[in-house]
Amino acid sequence: MAAEAHSTATLRLTVGDLRIVHPITVPSAPVPATDVVPALQALVNAVVAAAEAGLMKSGEAISCRKGCGACCRQLVPVSRTEGERLLALVETMAVERRDRLQARFATAQAMLDDAGLSNRAGRSDRELSLAYFALAIPCPFLEDESCSIHPDRPLVCREYLVTSPAELCAGPSQEGVTPVAVPKVSMAARGLQDDGEDWFPLAGLMTWAATRPRSDVRRTGPEWVQRFLKGIGRK
Ligand code: SF4
């Protein structure tokens, strides 16, 4: 079988105060948007690394550590493309692991339903986030206070780092938490497949999957990347 052809380009971006030079490689042929997610993850990693480098120069240090999952009880907004990628990942898991995960998703969804947070009901993003955090729902992918899908975690999870003491992240109001100023490139994943596409909470992934609109849109890897880059400017 012939090897799949790929296209590589060097991206030069200015995001916030950061200048990013990043080589990106994607499939040359028309593919689903989910196929370029690894390249987008690498791009977000590069943005985060640049933000971390700037932080180190100013003498500050990131306090996030493996085994601290306080932030994994926040509302994690994911795009349709990332949702589809995560669903594909879950399908590759052994049945026992998948069953445990499905049970955690069901618990999370029941807590959201009980609290009336299954839909926005006119709430602002901020109101929704605070109400969600107050429920302390562990992300279904959180195991032993660590991310069980760390290499595949959503883009937004990569962008959340703090310099404040870890214990503050567990406080109900997040008072005193000092996030690192990482440009939220992840938001460009919203609308990657359809203009105007919104996000949903990661904890609602399975419920969303049951009703999500199917898509067979295929574009070349460079076309998907162009759409993503345009999205960075828009958000
Ligand atoms: S996907 Fe991983 S990093 Fe993101 S909230 Fe869930 S457990 Fe935490």
Side-chain angles (χ1 to χ4, degrees), residues 34 37-38 40-49 51-52 62-94 97-112 115 117-118 125-126 128-164 166-172 174 177-180 182-190 192 199-209 212:
T34 48
V37 168
L40 303 182
Q41 290 169 342
L43 173 58
V44 169
N45 289 349
V47 173
V48 173
E52 281 187 57
I62 289 165
S63 46
C64 304
R65 296 284 177 270
K66 188 171 166 42
C68 172
C71 65
C72 298
R73 289 164 176 81
Q74 294 188 24
L75 192 161
V76 175
V78 287
S79 62
R80 170 179 172 178
T81 300
E82 288 193 90
E84 289 173 349
R85 178 90 190 175
L86 287 169
L87 287 170
L89 175 72
V90 171
E91 279 165 18
T92 67
M93 293 175 181
R97 185 177 175 200
R98 210 163 56 216
D99 287 349
R100 283 197 304 274
L101 199 50
Q102 293 281 10
R104 292 200 292 265
F105 271 108
T107 302
Q109 186 63 54
M111 289 175 77
L112 287 174
L117 291 180
S118 300
D125 287 359
R126 171 86 183 145
L128 191 61
S129 293
L130 285 175
Y132 185 100
F133 190 63
L135 295 177
I137 303 173
C139 171
F141 290 112
L142 189 66
E143 290 178 4
D144 299 327
E145 294 302 306
S146 291
C147 180
S148 64
I149 56 161
H150 196 260
D152 301 293
R153 69 198 186 286
L155 300 179
V156 70
C157 299
R158 293 160 202 263
E159 295 171 332
Y160 192 78
L161 299 164
V162 302
T163 55
S164 42
E167 55 273 19
L168 295 180
C169 292
Q174 301 278 286
V177 174
T178 313
V180 178
V182 179
K184 297 295 178 276
V185 170
S186 61
M187 291 176 74
R190 302 176 196 172
L192 191 57
W199 55 268
F200 62 91
L202 176 57
L205 176 66
M206 297 305 164
T207 308
W208 172 82
R212 75 190 153 120

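Because the structure is predicted, anything quoted here is derived from the model rather than measured. Counting convention: from 1, in listed order, for ligands and their atoms alike.
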Open item on the list: Could you tell me if Q109 and T207 have a donor-acceptor pair between their side chains, going purely by distance under 3.5 Å?
Closed with: yes
- [ ] Identify, for atom 6 (Fe) of ligand 1, the protein heavy atom at the shortest distance, and state residue, atom and that distance.
- [x] C139 SG, 2.4 Å
Task: Residue and atom name of the nearest protein heavy atom (relative to atom 4 (Fe) of ligand 1), distance in Å to one decimal - done: C157 SG, 2.3 Å
- [ ] Kindly determine whether S186 and E159 satisfy side chain to side chain donor-acceptor pair (under 3.5 Å), including the steps that lead there.
- [x] CA-CA 8 Å; S186 61; E159 295 171 332; 2.6 Å; yes
TODO: Please examine the side chains of L101 and F141, heavy atoms only from C-beta on, and report whether any two atoms are closer than 4.5 Å.
DONE: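 The answer is yes; the side chains approach within 4.5 Å.
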Open item on the list: Any heavy-atom pair between the side chains of P140 and M206 that's under 4.5 Å?
Closed with: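 The answer is no; the side chains never approach within 4.5 Å.
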Open item on the list: Any atom of ligand 1 sitting under 4.0 Å from a heavy atom of V156?
Closed with: no
Open item on the list: So that I can check it, does any N, O or S atom in C147 come closer than 2.8 Å to atom 6 (Fe) of ligand 1?
Closed with: no
Task: ligand 1 versus P154: contacting region, heavy-atom distance under 4.0 Å - done: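 The side chain, only.
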Open item on the list: Using a 4.0 Å cutoff against the non-hydrogen atoms of V76, which atoms of ligand 1 qualify?
Closed with: 5 (S)
Task: Numbering as shown, the atoms of ligand 1 that approach L202 to under 4.0 Å (heavy-atom distance) - done: 1 (S)
Task: Main-chain N/O of L75 paired with S129 side-chain donor or acceptor, under 3.5 Å - done: no
Open item on the list: Looking at E82 and R153, is any side-chain nitrogen of the basic one under 4.0 Å from a carboxylate oxygen of the acidic one?
Closed with: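 A salt bridge is absent here (no side-chain N lies under 4.0 Å from a carboxylate O).
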Task: C72 near atom 8 (Fe) of ligand 1 via N/O/S, less than 2.8 Å - done: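 Under 2.8 Å: C72 contacts atom 8 (Fe) of ligand 1 through an N, O or S atom.
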